[in-house]
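The chains referred to below are lettered A, B, ... by the order of the sequence lines, with proteins before strands, and numbering in each begins at 1. A quick note: this is a predicted structure, and the numbers were derived from the prediction, not measured.
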Amino acid sequence: MPAFIENIAFLQEGPFAIPRWEALFTNIDVIWQGALVTLLVASLGLVLALVLGTVIGVMSTSHWKIPRAIARVYVEFFQNTPLLIQVFMLYNAIPLLYPGLFIPVIVIGIMGVGMYHGAYIGEVVRAGIQSIGRGQLEAALSQGFSYIGTMRYVIIPQAMRIVLPPLTNQAVNLIKNTSVIAIIAGGDLMYAGDSFAGRYGHYGPTYVVVGLIYFMMCFPLAVLTRRLEDRTRAA
Amino acid sequence: MIELIGVSKHFGLHYALKDINLQVPTGQKLVIIGPSGSGKSTLIRCINMLEKPSAGQVIIDGVDITAHRAPVAKVRQEVAMVFQQFNLYPHKTVLENVSLAPIVVCGISKEEATESALKYLDRVGLAEKADQYPAQLSGGQQQRVAIARALNMHPKVMLFDEPTSALDPEMIQEVLEVIIGLAHSGITMLVVTHEMGFAKEAADRVIFIDDGSIIEDGTPEHFFENPQHDRTKLFLSKILR
Ligand SMILES: Nc1ncnc2c1ncn2[C@@H]1O[C@H](COP(=O)(O)OP(=O)(O)OP(=O)(O)O)[C@@H](O)[C@H]1O
Ligand SMILES: [Mg+2]
């Protein structure tokens with residue numbers, strides 16, 4: 001080992017000691033596996049969140065009271081309780097309500113982040129729809145479009161351009177938030193890191209690497225968000 | 001035929017329309033005139049239920065569209081509207097603006113809807129703009145596209161709510177010419193406008209609305225040369241100078 005490394009104290013002992021790094025890199029496959037699970041949960045969770053968010057956003061701008069009220073309750077519930085508790089409840093309450101029903105933790109994770117971010121995306125979509133002038137709604141209705149048809153062909157495509165930056169921002173948050181499924185042994189990146197690190201106390205290197213992997217997943221989206229914001233501003 | 005029976009509309013405590021009774025026979029060209037805030041827009045918006053009357057009935061070719069569960073969307077396919085602010089779909093090309101509803105709402109094939117769209121775009125003199133977006137057109141051109149969009153629904157009735165009021169003066173004529181051209185067809189037309197020249201040239205009938213009531217109703221000659229009501233005379237003296 002080169003002398004200059006031997007002189008760096010924190011690499012010799014403590015949380016970031018070299019043997020800990022070596023242990024991590026010989027077992028790095030465990031981490032990659034967790035990263036794959038995280039990617040899976042994040043991408044399917046995002047799909048679910050987009051679908052739910054669109055439905056909730058359309059419901060909260062409808063002129064009928066009941067869908068509006070349902071959307072409101074949904075949004076307030078999911079925005080104002082911690083995701084951690086929601087996931088915990090999903091994991092523990094479903095077997096109580098439906099004994100014998102087995103849901104894989106990955107699916108719980110997808111539902112958890114999907115429903116949670118669905119509420120936030122619902123609000124983003126609502127704001128987007130409301131930013132489209134009333135004239136567009138009236139033009140489409142006057143041509144015989146149904147309310148849903150008006151949304152689908154006229155309002156949402158226009159709202160999409162406006163909501164794209166906040167949506168990618170939601171995607172970043174969603175990726176980071178998949179880490180809560182670690183508490184239900186979700187097999188995700190956070191869980192893989194945690195359980196590997198916990199076994200021998202290799203927290204230092206593990207958290208550095210796990211953090212880096214999250215960064216690599218989120219940073220491109222963050223850059224995309226900024227690009228889209230610039231484009232929206234320019235338009 | 002369009003029939004309004006005892007139609008009222010209030011916003012809060014304010015009555016925008018008060019017990020309107022009106023029959024518009026098929027093919028008639030009706031011009032609606034009145035001061036700002038008198039209820040002209042509200043009146044024609046009740047005819048396609050963009051505004052739901054607080055009381056009374058609106059009957060179009062025998063169908064009471066104010067009835068519970070009336071086929072409003074179906075009737076709207078035959079009652080086209082042209083707005084003051086054009087309201088073209090900005091994310092669609094000119095051609096798509098004109099063909100979208102026939103394809104999606106009426107279920108007409110894309111080829112057929114495109115062909116008739118081009119025909120109507122040609123009729124309003126804008127066939128060469130088919131692939132542009134609304135934002136690339138002038139106000140007058142946008143309004144002509146909006147008229148082509150309305151025509152491509154093959155409507156029985158066309159409603160115009162101040163179609164030239166948002167236009168720069170030099171563009172008013174090109175739009176009016178298109179509308180006057182339509183007036184020679186069999187379509188029933190209801191036109192809210194401040195263009196008195198248009199009323200004289202194209203209308204079969206003029207009604208004057210003031211404060212939510214129809215206070216003058218007759219031919220253009222009657223309206224301009226022999227108005228009965230003091231408020232009509234006052235309005236005309238101001239607008240004709
Ligand atoms: N959505 C609404 N909410 C509250 N009041 C309204 C609404 N729409 C119209 N009004 C009121 O109803 C009255 C009639 O309005 P309307 O738009 O029909 O007038 P108008 O004759 O078309 O006027 P203008 O020439 O300015 O277009 C006005 O006093 C207006 O303020
Ligand atoms: Mg008006």
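Of all residues in residues 145-156 of chain A, those placing a non-hydrogen atom less than 4.5 angstrom from a non-hydrogen atom of chain B are Phe145(A), Tyr153(A), Val154(A).
The residue among Leu88(B), Val79(B), Val82(B) with the most heavy atom pairs within less than 4.5 Å of chain A is Leu88(B). In terms of non-hydrogen atom pairs under 4.5 Å with chain A, the most contact-rich of Arg149(B), His91(B), Lys74(B), Met81(B) is His91(B).
Rounding to the nearest 0.5 Å places CG of Asn97(B) at 8.5 Å from CD of Gln143(A). The CZ atom of Arg45(B) sits 4.0 Å away from atom CD of Glu138(A), with the distance rounded to the nearest 0.5 Å. Interatomic distance, CZ of Phe83(B) versus CD of Gln136(A), reported as 9.5 Å (0.5 Å rounding).
In the displayed structure, Gln136(B) atom CD is contacted under 6.0 Å by more than 12 heavy atoms of other residues, nucleotides or ligands. For Arg68(A), the CZ atom sits in a packed shell: over 12 heavy atoms of surrounding residues, nucleotides or ligands are nearer than 6.0 Å. By the 6.0 Å contact criterion, CD on Gln33(A) is open, its count of non-hydrogen atoms from other residues, nucleotides or ligands being 12 or less. Remark: Tyr91(A) OH is loosely packed, at most 12 non-hydrogen atoms of other residues, nucleotides or ligands lying under 6.0 Å away. Within a 6.0 Å sphere centred on CZ of Arg72(A), heavy atoms belonging to other residues, nucleotides or ligands number more than 12. Summarising the local packing, CG of Leu101(A) is surrounded by more than 12 heavy atoms from other residues, nucleotides or ligands at distances under 6.0 Å. For Tyr98(A), the OH atom sits in a loose shell: 12 or fewer heavy atoms of surrounding residues, nucleotides or ligands are nearer than 6.0 Å. Surrounding CZ of Phe88(A) are at most 12 heavy atoms belonging to other residues, nucleotides or ligands under 6.0 Å away.
Every pair passing salt bridge (Lys or Arg N to Asp or Glu O under 4.0 Å) that includes a residue from residues 75-100 of chain B is listed here, sequence neighbours excluded: Glu78(B)-Lys156(B).
Looking at Gln85(B), there are no atoms closer than 4.5 Å to chain A (heavy atoms on both sides), in backbone or side chain.
Taking every heavy atom of both residues into account, Gly144(A) and Val105(B) meet most closely at O-CG1, 3.5 Å.
A donor-acceptor pair under 3.5 Å links the side-chain atoms of Asn87(B) to the main chain of Gly135(A), judged by distance alone.
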